[in-house]
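Report on the following structure.
Just so you know, these numbers come straight off a predicted model, no measurement behind them. If you read the sequence from its start, that first residue is 1, and numbering goes on from there. In listed order, ligands and their atoms are each counted from 1.
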Amino acid sequence: MITRDHSPADEGVRFLAEAGQALAASLDWEQTLVQVARLAVPALADWCIVDVLEEDGVTIKQVAVAAADPRKEDLLREMRALYPPTIDSPQPAARTIRSGEPVLFEEFGKAELHATTRDDHHLELIKRLDPRSALAVPLVARARTIGAITLAWSESDRRYTEPEIVLATELASRAALAVDNATLFSREREARAKAEEAVARLRDLELISEAALTHLDLDLLLQELLDGVRTVMRADTAVCLLLDETGDELVASWARGLEEEVEAGVRIPVGAGFAGRVAATRAPVFIPDVNKAEVVNPLLIKRGLKSLLGVPLLVEGRLLGVMHVGSVTSRVFTNDDERTLQLLGDRIALAIEQSSLYESARAAGRRLEFLAEASELLGSTLDYSAALERLSELAVPYLGDWCIVDMLRGDLFERVAVAHADPKAQAAAYEFLKRFPITPDAAHGPGFVIATGRAELISEVTDEHLQRASGGDPEYLEALRAIGMTSLLCAPLIARGRVLGTITMLSEHERHYGPADLVTTEELARRAAVAVDNALLYREAERRADAARVLEHIGDGVFMLDRDGVVRLWNRAAESVTGLTADDVVGRLAAEAIPGWSAIAGSVPVATTPATASSAETLPLELPGRELWLSIAAVEFNEGTVYAFRDLTADRVLEELRSDFVATVSHELRTPLAAIYGAALTLQRGDLELDETLRGNLLSVISTESDRLARTVNDILWASRLDADRVQLEVGMHDPRELARTVVEAAEVHLPAGIELSFSCEEDLPPILGDPDKVRQVLTNFVDNAIKYSPDGGVVELRIERRDHAVRFIVIDSGLGVPLSEQRRIFDKFYRVDPNLTRGVGGTGLGLYISRELVRRMNGTISVESREGDGSSFSFELPVATA
Ligand code: ADP
């Protein structure tokens with residue numbers, strides 16, 4: 001036959017092709033080797049064993065058997081189970097694995113049987129398997145021997161020859177490749193699974209990190225985080241314990257699956273037990289069996305936890321606490337688990353840190369908001385009791401269950417605000433103060449705070465506190481106990497160094513005040529104190545402003561000097577009386593600012609209370625250029641002295657004038673009267689022979705003095721008429737020269753010796769507008785004065801001049817003259833330069849007053865120019881009459 005269906009070579013190729021296909025079908029290497037065994041029987045053996053070398057490099061494990069006779073498969077399994085080959089055992093599989101080369105027993109005889117078995121039973125089993133020819137080939141993949149295929153011819157009684165060895169070797173190498181592939185695959189799959197798991201873990205971690213960032217509430221955040229931890233770690237419990245403030249104890253703070261630990265408030269000393277050890281060593285601790293470990297927390301055992309893994313919670317090397325996970329089944333937490341939990345722990349620690357930072361930042365923010373709100377409402381009104389009431393309402397419940405504000409009124413406390421959720425309790429708090437007044441000897445609370453001026457914080461109010469506070473009064477103690485306070489804060493209201501009152505915060509619940517609350521309350525108290533102080537100051541300022549306004553409008557001059565004698569107040573009346581403005585004097589020493597003050601200050605009667613004010617004293621205040629007569633009295637108070645005065649100058653002047661007038665007039669009347677009386681008596685005497693001359697003289701005295709008398713009386717009458725405004729004027733057009741001429745002529749009749757009278761007048765003088773009698777009266781007065789005040793004689797000149805729209809009458813003498821300082825006042829009623837008549841010139845002081853008043857009524861002006869001892873020039877102008 002040229003063509004044969006089955007040449008051995010062809011068969012071999014087909015076998016291998018089939019084997020390749022079959023081997024490629026599975027990626028499970030054990031399955032692959034089962035496949036190899038099946039392929040080998042019957043093509044290459046009557047029975048076949050496939051072994052693999054375990055990872056330890058010593059143990060050889062049978063993975064597949066195949067036999068043409070099914071009973072032999074069981075025998076093969078039995079034999080392998082009883083006599084598993086190892087790397088150094090005599091079986092062909094072991095030999096080929098050792099050498100890496102095929103091992104051939106072409107003839108499997110007695111000797112071979114003995115050489116490849118361990119004992120009789122083994123020999124027995126082999127005998128029953130009845131190998132006649134045997135071949136073992138190694139499974140070599142990528143230069144590594146991974147196992148062996150053992151082939152045996154039995155019942156078919158064949159012998160292994162070279163081609164079969166080649167074929168078997170080929171099969172082995174393909175099988176090895178397939179196994180290698182399968183292993184690689186499964187390794188890869190395992191790796192991928194691990195990667196996927198890692199990814200999943202990472203995702204969980206990310207979730208945790210995200211949670212850490214998005215959550216603001218630490219409790220919620222931690223619960224979520226611990227749920228995440230349980231998932232990632234596939235644990236039954238997850239617990240977080242935080243280090244307390246002292247750093248000596250761990251406090252169970254959050255738990256999932258072991259909530260009772262937190263509820264019980266478990267505290268574990270650092271260094272003790274499981275969590276304590278984690279904290280002390282700052283390193284992970286794995287407890288494989290809770291029952292065999294030193295665990296302090298009985299809850300862990302009660303919960304039925306078997307294995308525990310704990311890690312420290314660290315942030316930048318600082319220990320925040322401990323986190324642990326537990327499993328109710330015995331479990332080995334691997335290094336990976338440890339790393340993962342530590343990673344989670346780091347994140348959770350960060351979350352706690354951030355969150356607590358955030359919490360404290362938020363708490364600080366809330367505090368600031370609260371204080372800002374408090375400030376706003378305090379600043380919004382000047383009614384401080386209303387403001388304090390609203391403030392206390394704002395403080396509850398933010399700062400506690402109670403907010404009580406007590407203000408000091410003298411030595412007594414007044415409760416001005418109480419805030420509490422229950423209105424009945426609120427009302428009771430007011431009653432409470434009435435029953436048990438606050439005293440400065442109190443051991444705690446407002447009395448104590450007032451006495452010390454410092455805030456008090458009792459974080460945990462104990463019965464001892466209440467006992468001390470009650471001062472041994474059993475009723476008071478009962479009442480204090482009934483409040484049921486758990487924590488107390490009391491801060492003084494201090495403004496400008498003065499303690500105004502207290503603000504007290506009480507907590508009735510778990511809330512215990514800490515340093516942050518103390519700071520807040522103190523700040524609140526400070527702001528409240530400032531507001532109250534402002535309100536009080538404002539009230540005082542208002543009161544003072546009212547008083548000042550009253551003072552401003554009071555008719556009496558009022559001024560105040562402080563203890564140093566500095567003028568602090570100077571009212572409007574004081575300004576107008578003295579002519580000194582407040583700007584001139586306020587803030588300056590009275591002795592410097594008020595001229596003449598030093599001279600009278602000591603004489604002013606000063607009372608210590610307004611009630612005891614004595615009657616005022618009338619004193620002269622010497623101001624520049626004038627003298628004021630003040631009726632002045634003062635009241636002294638703790639800040640200084642208040643003076644009130646009334647201007648008596650006018651009264652005083654009048655008073656003086658009156659007495660001067662009486663003196664003058666009586667003199668002016670008595671002198672001529674005495675002369676007339678004397679002359680008349682002389683004339684009447686019968687015993688005296690009077691010659692004509694003497695008689696004539698006596699009669700002349702009588703007539704002159706009568707005239708003087710008449711003039712004086714006339715002056716007085718004129719003055720009183722002018723005062724009463726009862727002077728009638730007959731104003732008309734008159735020739736000034738004509739008017740003056742009659743006056744000069746009248747004067748010349750009784751001109752005294754030594755006086756020369758001259759009269760000059762401009763040509764073409766226009767007529768004046770005036771009452772001719774009054775013009776003459778003024779001119780006569782001027783001429784009379786000029787003569788009278790020229791006791792040493794001289795020229796008296798009357799001159800008439802033209803002015804723009806007026807005519808001027810001037811009387812010039814060379815007599816005594818008028819001092820400059822007196823010139824303004826000589827026109828005043830009763831004013832006389834020399835009232836004491838030192839030069840013996842009499843007068844009423846009314847002439848010039850009458851003259852001024854008459855000229856004024858004729859729309860004219862009057863003036864004087866003079867130098868003392870050098871004569872005078874009196875003049876008046878009257879308007880020109882325009883036709
Ligand atoms: P009397 O009755 O005192 O003269 P008068 O009113 O006429 O009153 O004058 C007031 C004062 O003016 C006089 O007391 C005098 O001191 C002063 N006096 C008036 N005229 C003259 C003058 N020609 N020369 C100097 N002093 C004069």
Side-chain angles (χ1 to χ4, degrees), residues 653 656-672 704-705 707-723 727 740 743-744 747 751-752 754-759 774-799 808-856 862-876:
V653 166
E656 271 177 17
L657 283 176
R658 214 173 286 134
S659 59
D660 283 358
F661 170 73
V662 171
T664 311
V665 167
S666 52
H667 173 263
E668 282 306 301
L669 293 175
R670 205 185 295 124
T671 313
T704 314
E705 292 306 316
D707 191 44
R708 187 175 159 193
L709 202 60
R711 264 191 289 133
T712 299
V713 172
N714 221 24
D715 278 356
I716 294 168
L717 279 173
W718 268 107
S720 99
R721 267 147 113 192
L722 285 166
D723 278 350
V727 179
V743 172
V744 172
L751 207 60
I755 296 289
E756 199 183 305
L757 186 61
S758 82
F759 174 46
K774 311 298 182 290
V775 174
R776 269 196 293 268
Q777 192 178 341
V778 174
L779 267 180
T780 305
N781 181 238
F782 276 15
V783 172
D784 280 355
N785 277 349
I787 295 166
K788 197 161 68 172
Y789 297 104
S790 300
D792 304 325
V795 180
V796 172
E797 187 188 349
L798 198 160
R799 224 190 269 169
R808 186 186 189 108
F809 298 83
I810 312 161
V811 176
I812 304 160
D813 67 60
S814 52
L816 298 172
V818 184
L820 199 65
S821 60
E822 305 287 334
Q823 288 178 6
R824 198 173 51 85
R825 302 171 74 185
I826 51 175
F827 296 97
D828 289 349
K829 193 165 35 168
F830 298 123
Y831 194 85
R832 304 198 73 236
V833 173
D834 187 12
N836 300 326
L837 304 174
T838 41
R839 289 301 303 267
V841 187
T844 57
L846 288 171
L848 286 179
Y849 166 70
I850 294 163
S851 301
R852 185 191 71 188
E853 289 304 307
L854 293 176
V855 169
R856 201 166 56 78
I862 196 163
S863 61
V864 61
E865 273 172 50
S866 178
R867 292 228 329 255
E868 197 176 3
D870 208 13
S872 319
S873 157
F874 283 85
S875 59
F876 67 95

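The shortest N or O to N or O distance between F874 and ligand 1 is not under 3.5 Å. Between Y789 and ligand 1, at least one pair of N/O atoms sits closer than 3.5 Å. Taking only nitrogen or oxygen atoms, main chain and side chain alike, G847 reaches within less than 3.5 Å of ligand 1.
Close approach to V818 involves these atoms of ligand 1, each under 4.0 Å from a residue heavy atom: 25 (C), 26 (N), 27 (C). Those atoms of ligand 1 that come under 4.0 Å of a heavy atom in I826, given as number and element, are 10 (C), 12 (O). Near G817, meaning under 4.0 Å from one of its heavy atoms, ligand 1 places the atoms 25 (C). Interface of A786 with ligand 1, defined as ligand atoms under 4.0 Å from a residue heavy atom, comprises 23 (N).
Of the protein's non-hydrogen atoms, the one nearest atom 7 (O) of ligand 1 is N785 ND2, 2.8 Å. The nearest protein atom to atom 10 (C) of ligand 1, hydrogens excluded, is given as Y831 O, 3.5 Å; this is a heavy-atom distance. At the shortest separation from atom 2 (O) of ligand 1 among protein heavy atoms lies T844 N, 2.9 Å. D813 OD2, 2.8 Å is the protein heavy atom nearest to atom 23 (N) of ligand 1. At the top of the distance list for atom 6 (O) of ligand 1, counting protein heavy atoms only, stands L848 N, 2.6 Å. What sits closest to atom 3 (O) of ligand 1 on the protein, heavy atoms only, is R832 NE, 2.4 Å.
At least one side-chain heavy atom of V783 sits under 4.5 Å from a side-chain heavy atom of L798. Residues L816 and P791 are in side-chain contact: their nearest non-hydrogen atoms beyond the backbone lie under 4.5 Å apart. No side-chain heavy atom of E797 sits under 4.5 Å from any side-chain heavy atom of V811.
Nearest-heavy-atom check against atom 8 (O) of ligand 1 across P819, G845, S872 picks out G845.
No side-chain donor-acceptor contact under 3.5 Å links S875 to the backbone of I810. No side-chain donor-acceptor contact under 3.5 Å links D813 to the backbone of V796. Judged by distance alone, the side chain of Q777 and the main-chain N or O of S851 form no donor-acceptor pair under 3.5 Å. S873 places no side-chain N or O within 3.5 Å of a backbone atom of E865 that could act as its donor or acceptor partner.
Looking at L846 against ligand 1, only its backbone comes within 4.0 Å, counting heavy atoms.
Contact annotation: G815 has no heavy atom less than 4.0 Å from any atom of ligand 1. Residue contact annotation: F782 has no non-hydrogen atom under 4.0 Å from ligand 1. At a 4.0 Å cut-off, at least one heavy atom of K788 sits close enough to ligand 1 to count as contact. Put simply, no part of L816 is less than 4.0 Å from ligand 1, judged by heavy atoms.
By the side-chain contact (heavy atoms from CB on, under 4.5 Å) test, R825 pairs with D828, Y831, sequence neighbours left out. F782 is linked by a ring-ring contact (aromatic ring centres under 6.0 Å, His included) to F874, F876, counting only residues two or more places apart in sequence or in another chain.
Residues D715 and T844 approach most closely at OD2-OG1, 3.7 Å, considering heavy atoms.
Between the side chains of D723 and Y849, at least one donor N or O lies within less than 3.5 Å of an accepting N or O.
When the shell of 6.0 Å around CZ of R721 is examined, it contains more than 12 heavy atoms from other residues, nucleotides or ligands.
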